[in-house]
Engineer: 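To start, I am sharing the structure in question, which I have written as structure tokens.
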Amino acid sequence: MSRFLWEKEEGDGGGSREHEVDAFLAGRDVVLDRELFLFDIQGTRAHIRGLERIGLLDEEQAREMLQSLDGLAEAFRAERFTLDHRFEDGHSAIEFWLTRELGETGGRVHTGRSRNDQVAVALRLYLKARLHDLSLTLADGVRVALERAEEEGEIPLPGHTHLQKAMPSSLGLWWAGHGEALLDDLELAQLIREWLDASPLGTGSGFGVGFPLDREGVARELGFPRLVVNPQCAQNSRGKVELRAL
């Protein structure tokens with residue numbers, strides 16, 4: 001298994017990794033990465049195929065790596081592989097799996113890619129999926145509220161002001177009000193999903209990549225309709241994208 005970034009080789013005066021250092025630098029990253037892991041694998045698969053298209057991986061290497069990733073995803077779903085304290089994060093777990101199975105070929109998975117754009121694309125894939133699920137739930141809420149407003153529209157309900165009964169009202173007004181509010185939330189969730197639906201993969205650590213990556217092809221494979229073009233914008237958008245989704 002590869003060492004953590006902050007560990008030193010034995011004999012260089014570093015000694016073993018202290019738990020406190022791990023907790024301070026990585027915290028619960030590896031636990032939180034369990035939510036992103038399958039999306040991280042999805043992005044890695046598309047990146048591998050992109051490397052094959054530009055000749056940085058041959059057909060056999062790409063095939064072996066893709067098959068290995070299929071095995072990792074299957075093992076993760078079946079709980080035969082767990083992200084835990086052995087790994088710094090999901091990215092290092094993917095690299096560990098590939099290099100253990102394929103040796104030097106597995107290490108080529110990071111060619112033309114940084115952890116920065118790797119996590120950025122996984123987060124956008126994750127947020128797209130969660131906002132899609134949220135939209136379906138909100139749509140159900142709108143439907144139920146409007147159906148109940150129609151069915152119970154004539155049932156009287158007192159309107160309250162300052163905790164006191166004030167105006168005559170109805171359940172129809174009450175249900176329809178919630179339906180319209182949920183519809184606003186549904187439209188907002190769909191707008192945010194469309195707004196963040198752009199691929200940052202291929203921007204590296206924020207300064208670009210020195211290979212002619214097939215960014216457009218990889219984006220299409222991942223279901224992104226467009227690119228985040230500028231590397232600085234791609235990296236600086238990470239907190240912005242997550243905040244808007246939240």
Side-chain angles (χ1 to χ4, degrees), residues 27-50 69-70 72-74 76-77 79 83 89-91 93-94 113-149 175-206 214-246:
R28 297 180 66 246
D29 284 0
V30 72
V31 176
L32 298 174
D33 272 6
R34 293 171 189 169
E35 295 294 322
L36 298 178
F37 197 53
L38 292 176
F39 297 101
D40 203 349
I41 292 173
Q42 180 185 356
T44 301
R45 290 180 58 85
H47 179 66
I48 288 169
R49 279 191 280 263
L69 285 176
D70 287 343
L72 175 57
E74 180 181 353
F76 180 74
R77 291 190 185 99
E79 299 184 353
L83 282 178
D89 49 33
H91 318 319
I94 291 174
R113 186 175 67 163
S114 165
R115 290 188 186 202
N116 299 69
D117 58 347
Q118 184 176 351
V119 71
V121 75
L123 276 167
R124 287 185 185 240
L125 290 171
Y126 168 83
L127 292 174
K128 283 178 58 178
R130 292 297 174 264
L131 287 168
H132 174 71
D133 293 342
L134 176 61
S135 296
L136 294 178
T137 301
L138 289 168
D140 284 341
V142 172
R143 176 183 54 78
V144 169
L146 296 182
E147 286 176 354
R148 296 290 294 271
W175 277 115
H178 284 294
E180 186 173 354
L182 290 173
L183 182 60
D184 282 344
D185 293 335
L186 170 59
E187 292 175 348
L188 181 59
Q190 291 174 331
L191 283 170
I192 295 298
R193 187 180 188 277
E194 181 180 351
W195 169 73
L196 62 80
D197 197 6
S199 175
L201 197 57
T203 58
S205 59
D214 179 18
R215 293 196 65 204
E216 290 82 2
V218 171
R220 283 193 299 271
E221 182 173 342
L222 290 172
F224 292 110
R226 65 188 190 280
L227 300 175
V228 184
V229 178
N230 186 279
Q232 289 283 292
C233 178
Q235 295 310 316
N236 290 336
S237 70
R238 283 170 57 185
K240 180 179 179 181
V241 165
E242 294 151 28
L243 176 61
R244 293 293 176 265
L246 287 171

Engineer: When rounded to the nearest 0.5 angstrom, what distance separates CG in L138 from CD in E187?
Structural biologist: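 CD of E187 is found 11.0 Å from CG of L138.
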Engineer: In the structure I gave you, are the side-chain heavy atoms of W195 and V241 within less than 4.5 Å of one another anywhere?
Structural biologist: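 Yes, side chains in contact.
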Engineer: Supply the atom-to-atom distance L136 CG to L131 CG, rounded to the nearest 0.5 angstrom.
Structural biologist: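 Those atoms lie 11.0 Å apart.
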Engineer: Kindly determine whether E216 and R220 satisfy salt bridge (charged side-chain N to carboxylate O under 4.0 Å, His left out), including the steps that lead there.
Structural biologist: CA-CA 6 Å; E216 290 82 2; R220 283 193 299 271; over 6 Å; no
Engineer: Under 4.0 Å between a Lys/Arg side-chain N and an Asp/Glu carboxylate O for D197 and R226?
Structural biologist: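 Here D197 does not pair with R226 in a salt bridge, since their nearest N and O are not under 4.0 Å apart.
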Engineer: Considering non-hydrogen atoms only, spot the tightest contact between F39 and A122 and give its length.
Structural biologist: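 Closest approach of F39 to A122: CB-O, 3.8 Å.
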Engineer: Tell me, yes or no, whether the heavy-atom count around E242 atom CD, taken from other residues, nucleotides or ligands under 6.0 Å, exceeds 12.
Structural biologist: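 Yes, because the 6.0 Å sphere around CD of E242 holds more than 12 heavy atoms from other groups.
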Engineer: Working to the nearest 0.5 angstrom, can you tell me the gap between H178 NE2 and R148 CZ?
Structural biologist: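 Here the rounded value is 11.5 Å.
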Engineer: Any non-hydrogen side-chain atom of L36 less than 4.5 Å from a side-chain atom of L123?
Structural biologist: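 The answer is yes, as the side chains (C-beta and beyond) meet within the 4.5 Å cut-off.
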Engineer: CG/L146 to CH2/W175 distance, rounded to the nearest 0.5 angstrom?
Structural biologist: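 Result: 10.5 Å between the selected atoms.
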Engineer: Can you find a pair of side-chain heavy atoms, one from N116 and one from T203, that are under 4.5 Å apart?
Structural biologist: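 Heavy-atom side-chain distance check fails, nothing below 4.5 Å.
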Engineer: Nearest 0.5 Å, please: how far is CZ in R238 from SG in C233?
Structural biologist: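 Going from the SG atom of C233 to the CZ atom of R238 covers 13.0 Å.
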Engineer: Check the surroundings of atom CD in E180: do more than 12 heavy atoms from other residues, nucleotides or ligands lie under 6.0 Å from it?
Structural biologist: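 Atom CD in E180 is not packed in, count stays at 12 or less.
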Engineer: Restricting to non-hydrogen atoms, name the atom on A234 and the atom on S237 that form the minimum distance, rounded to 0.1 Å.
Structural biologist: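 Residues A234 and S237, closest heavy atoms: O-OG, 2.9 Å.
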Engineer: Hey, are the side chains of L83 and F37 touching, using non-hydrogen atoms and a 4.5 Å cut-off?
Structural biologist: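 Heavy-atom side-chain distance check passes, below 4.5 Å.
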Engineer: Would you mind reporting whether R124 and V228 have side-chain heavy atoms less than 4.5 Å apart?
Structural biologist: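 With C-beta onward as the side chain, the pair touches.
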Engineer: Within a strict 4.5 Å, meaning less than it, do heavy atoms of the H47 and V121 side chains meet?
Structural biologist: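 H47 does not reach V121 side chain to side chain.
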Engineer: Are any of the side-chain heavy atoms of L222 and L125 separated by less than 4.5 Å?
Structural biologist: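 Yes; the side chains approach each other to less than 4.5 Å.
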Engineer: Sequence neighbours excluded, which residues qualify as salt bridge (Lys or Arg N to Asp or Glu O under 4.0 Å) partners of D70?
Structural biologist: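 Salt bridge (Lys or Arg N to Asp or Glu O under 4.0 Å) list for D70, sorted by chain: R45.
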Engineer: Residues in salt bridge (Lys or Arg N to Asp or Glu O under 4.0 Å) with R49, at least two apart?
Structural biologist: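 Residues passing salt bridge (Lys or Arg N to Asp or Glu O under 4.0 Å) with R49: E221.
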Engineer: So which pairs with a foot in residues 131-140 pass side-chain hydrogen bond (donor to acceptor under 3.5 Å, both in side chains), sequence neighbours left out?
Structural biologist: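 Those involving residues 131-140 do not exist here.
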Engineer: What I want to find out is whether R115 reaches D89 closely enough, with some N-O distance under 4.0 Å, to be called a salt bridge.
Structural biologist: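 D89 and R115: salt-bridged.
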Engineer: Would you call L127 and I192 a side-chain contact if the rule is heavy atoms closer than 4.5 Å?
Structural biologist: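 They are not in side-chain contact.
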Engineer: Atom CD1 in I94, atom CG in D40: separation rounded to 0.5 Å?
Structural biologist: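 That separation rounds to 3.5 Å.
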Engineer: Do D117 side-chain atoms and G204 backbone N/O form a donor-acceptor pair below 3.5 Å?
Structural biologist: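 Side chain of D117 to backbone of G204: a pair is present.
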